[in-house]
Amino acid sequence: MRIRIVDAFADRPFTGNPAGVLLLDHDTFPEDSRLQNVALEVNHAETAFAHRLPEGGDADWALRWFTPVAEVAMCGHATLATAHVLRTTGAHTGPVRFATRSGVLVATPHEDGSLTLDFPTAPLTPVEVPDGVAEALGAEPLTTFDTGPNTGDLLIEVADEKTVRGLTPDHSALARYSEHGIIATARAEDPSQGYDFVSRCFFPNIGIDEDPVTGSAHTALAPYWSERLGRPGLTGLQASPRSGLVRTELRGDRTLLTGRAVTVIEGELLA
């Protein structure tokens with residue numbers, strides 16, 4: 001079985017968010033324990049497993065995502081990475097429909113090499129700031145929102161971009177405040193730099209202290225910032241050490257996420 005490491009939401013190697021991608025050569029998934037062990041061995045934020053589906057159905061490929069410790073309901077960067085592998089290997093041409101735990105997700109390739117994901121928009125529900133979250137995060141929240149069942153995050157706006165970039169949270173303490181993780185965000189200090197808002201994502205509950213670039217988080221960031229900035233199309237910078245840009249377009253209950261990907265490693269899974 002071929003295994004690839006792909007940097008997603010990146011236009012050059014060693015940036016963006018690395019994901020493992022395995023295209024299975026049979027029409028069912030192996031046992032969950034097998035998938036989890038491979039994801040643990042890959043040890044990136046997510047490893048994607050996909051197999052082809054029969055023609056004529058609602059989707060072309062079945063897709064699942066695993067962190068080193070758990071399966072997740074939705075993952076943007078590993079979906080982008082999988083679509084990139086399908087396109088670059090010729091395993092699939094044109095738009096690809098993935099059957100996932102979050103419904104059918106579509107990835108559309110473009111002539112410039114970028115890919116656009118069509119994901120469900122996260123429903124944002126304002127919540128009271130939980131006691132202790134400011135101390136755990138290391139910054140005072142301005143607003144706090146629950147992002148719904150697909151993502152399971154707590155979205156927190158803080159004072160400014162400098163605050164987001166300077167966060168040094170207590171990851172074990174943060175794990176108490178949401179099912180999945182914490183998205184910290186602020187308006188861009190200087191939009192002329194090519195992005196409208198910044199974010200960082202911390203997911204200690206699923207074994208990821210800080211995720212480099214998180215597609216699923218942008219299904220919540222897009223409606224949040226589109227409402228405040230008055231534009232459906234925006235660009236977000238995830239200001240992790242690896243960093244990456246995600247172009248977002250809000251379309252009601254769907255959010256389009258556009259980015260690039262680069263394959264950096266290709267090998268054979270022997271075990």
Side-chain angles (χ1 to χ4, degrees), residues 1-10 16-55 57-92 96-107 115 117 119-120 149-153 171 175 179-181 201 203-217 242 261-271:
M1 188 185 306
R2 304 300 293 173
I3 181 168
R4 296 166 176 86
I5 306 299
V6 177
D7 289 344
F9 294 111
N17 201 351
V21 177
L22 292 96
L23 303 183
L24 307 178
D25 54 7
H26 37 81
D27 58 4
T28 59
F29 289 109
E31 293 182 357
D32 288 4
S33 59
R34 164 78 168 159
L35 302 178
Q36 190 64 73
N37 281 335
V38 173
L40 177 60
E41 188 76 9
V42 173
N43 200 34
H44 284 314
E46 265 88 13
T47 297
F49 301 88
H51 69 75
R52 196 185 302 271
L53 292 172
E55 293 184 6
D58 293 334
D60 307 300
W61 290 74
L63 178 62
R64 295 172 71 181
W65 314 276
F66 286 76
T67 78
V69 299
E71 184 174 9
V72 296
M74 187 166 69
C75 178
H77 85 277
T79 304
L80 188 78
T82 304
H84 168 78
V85 169
L86 291 173
R87 181 178 62 84
T88 55
T89 62
H92 190 94
V96 56
R97 302 167 299 167
F98 294 112
T100 78
R101 287 175 56 183
S102 296
V104 175
L105 306 177
V106 180
L115 293 138
L117 308 178
F119 271 38
N150 283 339
T151 53
D153 298 319
H171 296 289
E179 174 187 346
H180 188 243
C201 295
F203 303 133
N205 284 337
I206 56 170
I208 305 165
D209 283 347
E210 180 168 5
D211 198 32
V213 190
T214 314
S216 61
R242 289 177 65 101
V262 181
T263 301
V264 292
I265 296 174
E266 182 175 352
E268 186 175 355
L269 183 66
L270 299 177

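Here, residue 1 is the first one in the sequence, and each next residue gets the next number.
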Between [X] and [Y], what is the shortest heavy-atom contact and its length?
X	Y	answer
Ile5	Gly20	CD1-CA, 3.9 Å
Ala261	Ala8	CB-CA, 4.2 Å
Ala107	Phe98	CB-CE1, 4.1 Å

Taking the side chain as everything from C-beta on, heavy atoms only, tell me whether [X] gets closer than 4.5 Å to [Y].
X	Y	value
Leu105	Pro120	yes
Pro212	His77	no
Leu117	Leu80	yes
Glu268	Arg2	yes
Cys201	Ile208	no

Kindly compute the distance separating [atom1] ([X]) from [atom2] ([Y]), expressed to the nearest 0.5 Å.
X	Y	atom1	atom2	result
Thr47	Ile3	OG1	CD1	6.5 Å
Thr214	Asp153	OG1	CG	8.0 Å
Glu46	Thr82	CD	OG1	10.5 Å
Arg52	Asp60	CZ	CG	9.0 Å
Leu23	His92	CG	NE2	12.0 Å
Leu115	His84	CG	NE2	8.0 Å

[X] side chain vs [Y] backbone, donor-acceptor pair below 3.5 Å:
X	Y	result
Asn205	Ala175	yes
Thr67	Gly207	no
Ser102	Ala73	yes

Side chain to side chain contact (heavy atoms under 4.5 Å, CB included) for Phe9 and Asn17? Distances and angles first, verdict last.
CA-CA 7 Å; Phe9 294 111; Asn17 201 351; 5.6 Å; no

Indicate whether any N or O donor in one side chain lies under 3.5 Å from an N or O acceptor in the other, for Thr79 and Trp65.
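Judged by distance alone, the side chains do pair up.
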
Under the side chain to side chain donor-acceptor pair (under 3.5 Å) test, residues paired with Thr151 that sit two or more places apart:
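Only Thr147 meet the side chain to side chain donor-acceptor pair (under 3.5 Å) criterion with Thr151.
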
State which residues pass side chain to side chain donor-acceptor pair (under 3.5 Å) with Asp32; sequence neighbours excluded, sorted by chain then number.
Arg64

Might you work through the side chain to side chain contact (heavy atoms under 4.5 Å, CB included) test for Arg4 and Thr89, ending with a clear yes or no?
CA-CA 11 Å; Arg4 296 166 176 86; Thr89 62; 3.7 Å; yes

Under the side chain to side chain contact (heavy atoms under 4.5 Å, CB included) rule, what do Arg242 and Val213 come out as? Steps first, then yes or no, please.
CA-CA 8 Å; Arg242 289 177 65 101; Val213 190; 5.9 Å; no

Member of Leu53, Val96, Leu24, Thr100 meeting the side-chain contact (heavy atoms from CB on, under 4.5 Å) criterion with Trp61:
Val96

What pairs of residues pass the ring-ring contact (aromatic ring centres under 6.0 Å, His included) test when at least one of them lies in residues 16-52, not counting sequence neighbours?
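Sorted result for residues 16-52: Phe29-His51, Phe49-Phe66.
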
Under the rule for ring-ring contact (aromatic ring centres under 6.0 Å, His included), what residues qualify as partners of His180, not counting sequence neighbours?
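For His180 the ring-ring contact (aromatic ring centres under 6.0 Å, His included) partners, ignoring immediate neighbours, are Phe203.
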
List the residues meeting ring-ring contact (aromatic ring centres under 6.0 Å, His included) with Phe119, not counting sequence neighbours, and say none if there are none.
none

Name all residues meeting the side chain to side chain contact (heavy atoms under 4.5 Å, CB included) criterion together with Asp209; count only those two or more places apart in sequence or in a different chain, and write none if there are none.
His171, Pro204

Is it true that, when you exclude Glu266 itself, more than 12 heavy atoms of the residues, nucleotides or ligands shown sit nearer than 6.0 Å to its CD?
yes

